[in-house]
Novice: 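Here it is: the structure, laid out below.
Keep in mind that what you see is a predicted model, and the values were worked out from it rather than measured.
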Amino acid sequence: MPFRSLTLRSTRGLVVKAATTVAPKYTSLKPLGDRVLVKIKAAEEKTVGGILLPSTAQTKPQGGEVVAVGEGRTIGDKKVDIGLQTGTPVVYSKYAGTEVEFNGLSHLILKEDDIVGILETEDVKDLKPLNDRVLIKVEEAEETTAGGLLLTQATKEKPSFGTVIAVGPGLLNEEGNRTGVPLSPGNTVLYSKYAGNDFKGADGSDYIALRASDVMAILS
């Protein structure tokens with residue numbers, strides 16, 4: 001068998017799926033269609049303070065480097081190439097794609113649309129969203145109740161509004177042209193509470209990357 005698929009295991013609601021391992025006799029892996037092969041960035045093994053993390057506490061990486069791309073897709077009668085090049089550092093949706101161990105390294109095969117954006121630095125505030133994605137800096141949660149009681153981290157209500165930091169170029173229409181996004185950096189917006197992917201910025205601020213369709217209103 002060219003592939004060895006490991007078992008699926010559930011523990012207290014946590015589903016753990018190991019990567020599919022490609023046999024050593026195969027020396028290349030070519031994605032098809034609008035799929036992209038990403039080499040996964042290694043998980044953090046230590047906290048900022050230098051404390052060694054157990055494997056269960058390590059943050060699951062959501063970033064990596066594009067190492068191969070498919071031939072693209074057809075929209076109407078127009079051929080549209082993949083808009084990413086090999087070597088591009090990207091961030092992708094948390095549960096997207098199929099994890100593959102290839103040449104001793106962890107990779108992910110996923111659709112181009114599952115890639116949230118390009119990140120060329122270590123700070124998520126510099127994310128360049130792709131397609132119809134929007135990067136939002138989340139409004140800080142209230143520290144106290146209306147009556148002045150101090151809230152613990154666990155009881156703070158998750159905010160669902162913030163400031164737009166960057167927007168993608170929009171989806172492709174049937175003619176293969178970008179449709180744009182009806183939002184601009186600086187807009188204060190209300191968005192669906194459980195949408196998108198959450199990130200922590202270098203300065204400790206919370207960010208979320210989501211689709212423009214998950215933004216419900218502009219506040220002013």
Novice: Using modelled atom types only, decide if a donor and an acceptor are shared between the side chain of Asp206 and the backbone of Lys200 within a distance under 3.5 Å.
Specialist: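 Here the side-chain-to-backbone pair does not exist.
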Novice: With a 4.5 Å cut-off on side-chain heavy-atom distances among I, L, V, M, F, W and Y, is there a chain of contacts connecting Ile115 to Val91?
Specialist: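 Cluster IDs for Ile115 and Val91 differ.
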Novice: Hey, can you pull the donor-acceptor pairs under 3.5 Å for the side chains in residues 162-187, sequence neighbours left out?
Specialist:
unit_1	atom_1	unit_2	atom_2	d
Asn173	OD1	Glu175	N	3.0
Asn173	OD1	Gly176	N	3.1
Asn173	OD1	Asn177	N	2.9
Arg178	NH1	Asn131	OD1	2.8
Arg178	NH1	Gly170	O	2.8
Thr179	OG1	Leu171	N	3.4
Thr179	OG1	Leu171	O	3.2
Asn187	OD1	Ser184	N	2.8

Novice: Nearest heavy-atom pair of Val134 and Pro129: which atoms, and what distance?
Specialist: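 Answer, listing the atom of Val134 first, then Pro129: N-CB, 4.4 Å.
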Novice: Test of understanding: with side-chain hydrogen bond (donor to acceptor under 3.5 Å, both in side chains), list the residues that count as partners of Ser205, not counting sequence neighbours.
Specialist: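 side-chain hydrogen bond (donor to acceptor under 3.5 Å, both in side chains) list for Ser205, sorted by chain: Asp203.
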Novice: Kindly indicate whether the side chain of Phe102, heavy atoms from C-beta on, has any atom under 4.5 Å from the side chain of Ile109.
Specialist: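 They are not in contact (no side-chain heavy atoms under 4.5 Å apart), so the answer is no.
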Novice: Report yes if some heavy atom in the side chain of Ile118 is under 4.5 Å from a heavy atom in the side chain of Leu84; otherwise report no.
Specialist: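 In short, these two side chains touch, coming nearer than 4.5 Å.
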Novice: Please name all residues satisfying side-chain hydrogen bond (donor to acceptor under 3.5 Å, both in side chains) with Ser93, sequence neighbours left out, ordered by chain then number.
Specialist: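 Ser93: side-chain hydrogen bond (donor to acceptor under 3.5 Å, both in side chains) contacts with Arg133.
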Novice: Indicate yes or no for a side-chain donor-acceptor contact from Thr121 to the backbone of Asp123 under 3.5 Å, with no hydrogens or angles considered.
Specialist: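 It does hold such a pair.
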Novice: Under the rule for salt bridge (Lys or Arg N to Asp or Glu O under 4.0 Å), what residues qualify as partners of Glu120, not counting sequence neighbours?
Specialist: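 Partners of Glu120 by the salt bridge (Lys or Arg N to Asp or Glu O under 4.0 Å) criterion, ordered by chain and then number, come out as Lys128.
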Novice: Using side-chain contact (heavy atoms from CB on, under 4.5 Å) as the criterion, list what pairs up with Ser106, not counting sequence neighbours.
Specialist: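 With sequence neighbours excluded, Ser106 shows a side-chain contact (heavy atoms from CB on, under 4.5 Å) to Ile40, Glu99, given in chain and number order.
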Novice: For the pair Val90 and Leu119, evaluate side chain to side chain contact (heavy atoms under 4.5 Å, CB included) and give the outcome as yes or no after the intermediate values.
Specialist: CA-CA 5 Å; Val90 296; Leu119 184 59; over 6 Å; no
Novice: Let me have the donor-acceptor pairs involving side chains of residues 27-39, under 3.5 Å, with sequence neighbours excluded, atom names and distances please.
Specialist:
unit_1	atom_1	unit_2	atom_2	d
Lys30	NZ	Val69	O	2.8
Asp34	OD1	Lys111	NZ	3.3

Novice: Atom OH of Tyr207 and atom CG of Asp198: how far apart are they, to the nearest 0.5 Å?
Specialist: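 Interatomic distance, Tyr207 OH to Asp198 CG, rounded to 0.5 Å: 13.5 Å.
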Novice: List the atom of Tyr26, the atom of Asn103, and the distance in Å for their closest heavy-atom pair.
Specialist: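 Scanning both residues completely, I find the closest heavy atoms to be O-OD1, 4.4 Å.
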Novice: Going from CD1 on Ile208 to CZ on Phe199, what distance comes out if it is rounded to the nearest 0.5 angstrom?
Specialist: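 Here the rounded value is 9.0 Å.
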Novice: To the nearest 0.5 Å, how far apart are OH in Tyr92 and CG in Leu110?
Specialist: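 Tyr92 atom OH to Leu110 atom CG measures 8.0 Å (nearest 0.5 Å).
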Novice: Side-chain donor-acceptor contacts of residues 211-220 below 3.5 Å, not counting sequence neighbours, with atom names and distances?
Specialist:
unit_1	atom_1	unit_2	atom_2	d
Arg211	NH1	Asp132	OD1	2.8
Arg211	NH2	Asp113	OD2	2.6

Novice: Listing request: all salt bridge (Lys or Arg N to Asp or Glu O under 4.0 Å) pairs with a residue in residues 72-83, at least two apart in sequence or in separate chains.
Specialist: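 As it turns out, there is no salt bridge (Lys or Arg N to Asp or Glu O under 4.0 Å) pair with a partner in residues 72-83 once direct neighbours are skipped.
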Novice: Find the distance between CG (Leu190) and CD1 (Ile136) and round it off to the nearest 0.5 Å.
Specialist: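 Output value for this atom pair is 9.5 Å.
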Novice: Suppose we screen for salt bridge (Lys or Arg N to Asp or Glu O under 4.0 Å). Which residues come up paired with Lys137, at least two apart in sequence or across chains?
Specialist: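 Scan of Lys137 (salt bridge (Lys or Arg N to Asp or Glu O under 4.0 Å), adjacent residues dropped) gives none.
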Novice: Are Leu130 and Ile82 in one and the same hydrophobic cluster, where Ile, Leu, Val, Met, Phe, Trp and Tyr link if side-chain heavy atoms are under 4.5 Å apart?
Specialist: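 Yes, one cluster joins them.
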